[in-house]
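Comments concern the structure below.
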Amino acid sequence: MKHEPLVLGIETSCDETAIGIVRGRTLLANVIASSVEEHARFGGVVPEIASRAHLEAILPTLLQALSDANISMKDLDAVSVTAGPGLVGALLVGVSSASALALALDKPLYGVNHLAAHVSVDLLTHNKELKPTIALLVSGGHSSLLQVNDITSSIVKLGETMDDAAGEAFDKIARVMGLGFPGGPAIDRQAVDGNPAAIDFPRGLTQSSDWLTRPFDFSFSGLKTAVARYLESTPDYAKSDVAASFQEAIVDVLLLKAVRACKESGIDSLVIAGGVGANSRLRALAAQRCARAEIELAIPSPALCTDNGAMVAALGSLLLSAGARPSQVGLEADSSLPVEVLSLS
Ligand code: KG4
Ligand code: ZN
């Protein structure tokens, strides 16, 4: 049997210090230390606090991951790390740690794209052959539709948000509704008892002219304003109905455009990736609509949708197996790395 590579992945782009270990496409360890509680009172991630928390957490997280996977460092075949996009000070902690490890172990280093890593994590749970797919990538910092021709070499951006990311919209609306941070899970919970049809909130960029000019772009600023106006003008509003109706408006648009991208590209496979992929309504409605449109749907488990190290290890492992050129030790983090650049040279 072919030897499957043992790859360690380090993720420090935002507020999670996360380390995953995979053997080929099998997940062996996935350890996450989050600093989210330290940011909660500021209502968003504070970069300096995140960087300091990464410094404190990186070594214990690494040791825990090695222990969970029951391996020693010298067994590793490669080290993979998020090189961007993300907060530069936070990324630097991961990139310099990974460089040091790769140098000490004399093993290849892959500085990978955080967004492509989100998409690739699905391959740990759905062990199917690599084939072209459309990816709906919805996180706290990004919302885009991607055509993934080959996860190790070719991603094409079909469209993206013109303003807020989907997760950012969840976080902002949760804040004005006093539901806390991060807002996505809070709105998801609040919406369970609400009526998604209670309030008809706008669906951005879905007019007939938008379908001609911006079919795969998103805009959530009009929705945000509409919700804020509704809250101001309706002091005794029902929180659960607002949460459910707001969530429905976002999820509806995301899926309308994702299904359309599958149809127009002739690719009958959709992966949903990123933190918002953990949303229960998005998962349920995606299953319904993809079944109707005969699209094969894959969504990683909620824990693998939000930031983690397993996704970084997964992409590193796929790149190594595909014979991709490793990155240079001492590579620089790139806080605005475009999604098309899968790994740094
Ligand atoms: O991918 P991720 O963990 O970090 C980034 O790369 O940004 O995404 C975090 C985002 C946050 O905005 C959070 O509110 C959102 O994902 N999120 C959710 C849910 N869980 C996390 N949004 C909606 N519903 C959820 N259940
Ligand atoms: Zn992310």
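Order of listing sets the numbers, starting from 1, for every ligand and every atom in it.
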* To do: Count the heavy atoms of every other residue, nucleotide or ligand shown that sit under 6.0 Å from CZ of R283, and state whether that count exceeds 12.
  => yes
* To do: Let me know which of R203, R281, K257 forms a salt bridge (Lys or Arg N to Asp or Glu O under 4.0 Å) with D252.
  => R203
* Asked: Are side-chain heavy atoms of I10 and L101 found at a separation under 4.5 Å?
  -> yes
* Measuring from L136:CG to L146:CG, what's the distance to the nearest 0.5 Å? -> 8.5 Å
* To do: Would you indicate whether the side-chain heavy atoms of L331 and S345 approach each other to under 4.5 Å?
  => no
* Which residues and atoms, protein N, O or S only, are under 2.8 Å from the Zn ion (ligand 2)? -> H114 NE2, H118 NE2, D307 OD1
* Would you say F170 and Q247 make side-chain contact, with heavy atoms under 4.5 Å? -> yes
* To do: Taking all heavy atoms of S317 and all of P5, pick out the closest pair and write down the distance.
  => OG-CG, 4.1 Å
* Would you say F220 and K172 make side-chain contact, with heavy atoms under 4.5 Å? -> no
* Verify the neighbour count for atom NZ of K131: are there more than 12 heavy atoms of other residues, nucleotides or ligands below 6.0 Å? => yes
* **Residues in the immediate environment of ligand 1 (any heavy atom closer than 4.0 angstrom)** => H114, H118, S139, G140, G141, G167, F170, D171, P182, G183, G184, P185, D188, G274, G275, V276, A278, N279, T306, D307
